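Sequence positions, counted from 1, serve as the residue numbers for this chain. Every value quoted in this text rests on a predicted model; they were computed, and no experiment measured them. Counting starts at 1 for both ligands and their atoms, in listed order.
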Amino acid sequence: MTTATDAETAPATTPGSTESRGAVLLEGITKRYGDQLAVDDLSLTIQPGEFISLLGPSGCGKTTTLRMIAGFEHPDAGDIKVSGRSVLNAPPYRRDVNTVFQAYALFPHFSVAENVAYGLQQRRTPKSEIREKVTNALDLVQMRRFGDRKPTQLSGGQQQRVALARALVNRPAVLLLDEPLGALDRQLREEMQLELKLLQSRLGITFVFVTHDQGEALSMSDRIAIMRAGRIEQLADADTVYARPASAYVAAFVGQQNFFRGPVTEAGAAISSPHALVRASEPLLPGASLGEAAVRPEYIRIEIDDAAVSLPGANATRGELIGVSHLGDTMQYLVRLGDDQSLIVRRPTPDSPALQVGDTVVCTWAAHHVLLFPEDEAAREGGYVPPPTL
Ligand code: ATP
C-alpha cells in the first residue's frame with residue numbers, strides 16, 4: 001500500500017503541446033531495489049485521453065511503474081515523458097499528473113471542501129477561483145452537499161470520491177490511480193467502476209489504473225497492460241486479451257481457464273494430456289515438445305454419461321461431478337477427471353442440464369475454442385489462478 005504526500009495534492013504545471021497533452025511515454029524504464037528487479041526495461045506508449053490499466057499479480061511491478069510516472073520513485077534507467085516532455089528531473093508537483101491511492105489519504109481534521117482545496121491553497125490560487133474549482137470538482141463526483149463534513153463522517157465510497165475530486169480539482173493531464181477501489185465492497189466497487197469510466201470519458205483525462213482485479217481492468221480499460229516480473233507480457237484491448245491471450249500466463253490471469261498439459265502431437269495441433277487429447281483447429285505449436293491447452297469453462301458442454309455412446313477421439317473427457325453451484329445467470333459444475341485434475345464448466349442457467357453430484361458426466365468442446373501454448377512452468381508461480389473450489 002502506498003501513502004500520500006503533499007505532492008499528490010499539488011497539481012502540476014508543465015503542460016506540453018496541445019496535441020500531446022496527456023500522452024505518457026515510458027522508454028525502457030528499469031527500477032531495482034537492492035537485488036530485486038521491480039521493473040525491467042519496460043516501454044509503453046499511452047495515448048492522450050486513454051484509459052489504460054496495469055494488471056498483474058502482486059509484486060509484478062505495477063505500483064512501482066505508477067510511482068515512477070508520479071515522480072515518487074526515480075528509474076535507474078530509461079526515460080519518462082508526460083505530455084511530450086521528459087519529467088525525469090521534475091519533482092511530483094511539477095508533473096502534469098495527480099495520483100489517487102487506495103488509502104484515501106484525506107486530512108481528517110479538514111472538511112471535505114478544505115481537503116479538495118488544499119493543493120490549490122498551497123499554490124496560492126486566488127480564493128474565488130478556489131471556491132469555484134472546489135465546487136466543480138465536488139460536483140463531478142456528486143459530493144457537493146458533503147462539503148462541510150469531515151472525512152470521518154463519510155462512508156468509504158464517499159471518501160474515495162473526495163480523494164478523486166481532490167486529484168481532479170486542477171484538471172491534470174494524467175490521473176494515476178493505484179487500486180483506488182480496493183477498499184470498497186464489491187457492489188460499491190462495481191458502481192464506482194462505471195462512474196470512473198464515465199467521468200474519464202467526459203473529462204478526456206488520461207487514466208493509468210493499477211489493479212490486480214482482472215474484472216475491473218476488463219470492464220473499464222481501452223487497453224490493458226498485463227505485467228509479469230517487471231515487464232509487459234501483453235498490451236491489448238479487453239476483447240483481445242480475453243479471446244487471444246498471448247501466453248499461458250495471460251490466459252490464466254484473464255478470466256478462468258481449464259488447462260491440459262502434456263506432449264505436443266499432431267504436428268503442433270494437439271496436446272496429449274492424461275485425461276484427453278486436446279486438439280485445436282490450427283497447428284499452433286510446430287516444433288514444441290511440451291505444451292498447454294486452454295479451454296474456457298463457458299465453452300465446455302456437459303451431459304450425463306451415456307455408456308452407449310463412445311467418446312469422440314479428441315476434445316472429450318469423462319469424469320465425476322463433484323460440485324454444482326448456482327451463480328445466478330450461470331450454473332457452474334466442477335468435474336473431477338483424476339487425482340490431479342478437475343474441470344470447471346459453466347452453462348447459462350436456462351439451458352443448464354439437471355445433474356447431481358456423484359453423476360458420471362461427459363464433457364466436450366470444439367477445437368476452435370482451444371488455445372495452445374508452449375509449456376510455461378514459471379507462469380504457474382506468478383499468474384496462475386489457484387485450482388477451482390466450489
Ligand atoms: P501489489 O499488487 O502487491 O502492490 P505490484 O505489482 O504493485 O504489487 P510493486 O509494489 O511494484 O508490485 O513491487 C514490485 C517488486 O518490487 C516487488 O517484488 C516488491 O517487493 C519490490 N519493491 C517494491 N517497493 C519496494 C521498496 N520500496 N523496497 C524494496 N523492494 C520493493
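- Atoms of ligand 1 found under 4.0 Å from any heavy atom of P57, numbered from 1 in the order shown, are 6 (O).
- When only interatomic distances are considered, the shortest N/O to N/O separation between K62 and ligand 1 falls below 3.5 Å.
- The shortest side-chain heavy-atom distance between C363 and Y333 does not fall under the 4.5 Å cut-off.
- In terms of polar-atom proximity, T65 is not counted as a contact of ligand 1, lacking any N or O under 3.5 Å from an N or O of the ligand.
- When heavy-atom distances to ligand 1 are checked against a 4.0 Å cut-off, Q36 comes that close only through its side chain, counted from C-beta outward.
- At a threshold of 4.0 Å, the pair R244-D237 does not count as salt-bridged, since none of the basic side-chain nitrogens sits closer than that to a carboxylate oxygen.
- G56 does not count as a contact of ligand 1, since none of its heavy atoms falls under 4.0 Å from the ligand.
- Side chain of S43 to main chain of G28: a donor-acceptor pair is present (N/O by atom type, distance under 3.5 Å, no hydrogens or angles).
- For the pair V264 and L290, the minimum side-chain heavy-atom distance is 4.5 Å or more.
- With hydrogens and angles disregarded, a donor-acceptor distance shorter than 3.5 Å links the side chain of N258 to the backbone of V295.
- Among the atoms of G59, some N or O lies under 3.5 angstrom from an N or O of ligand 1.
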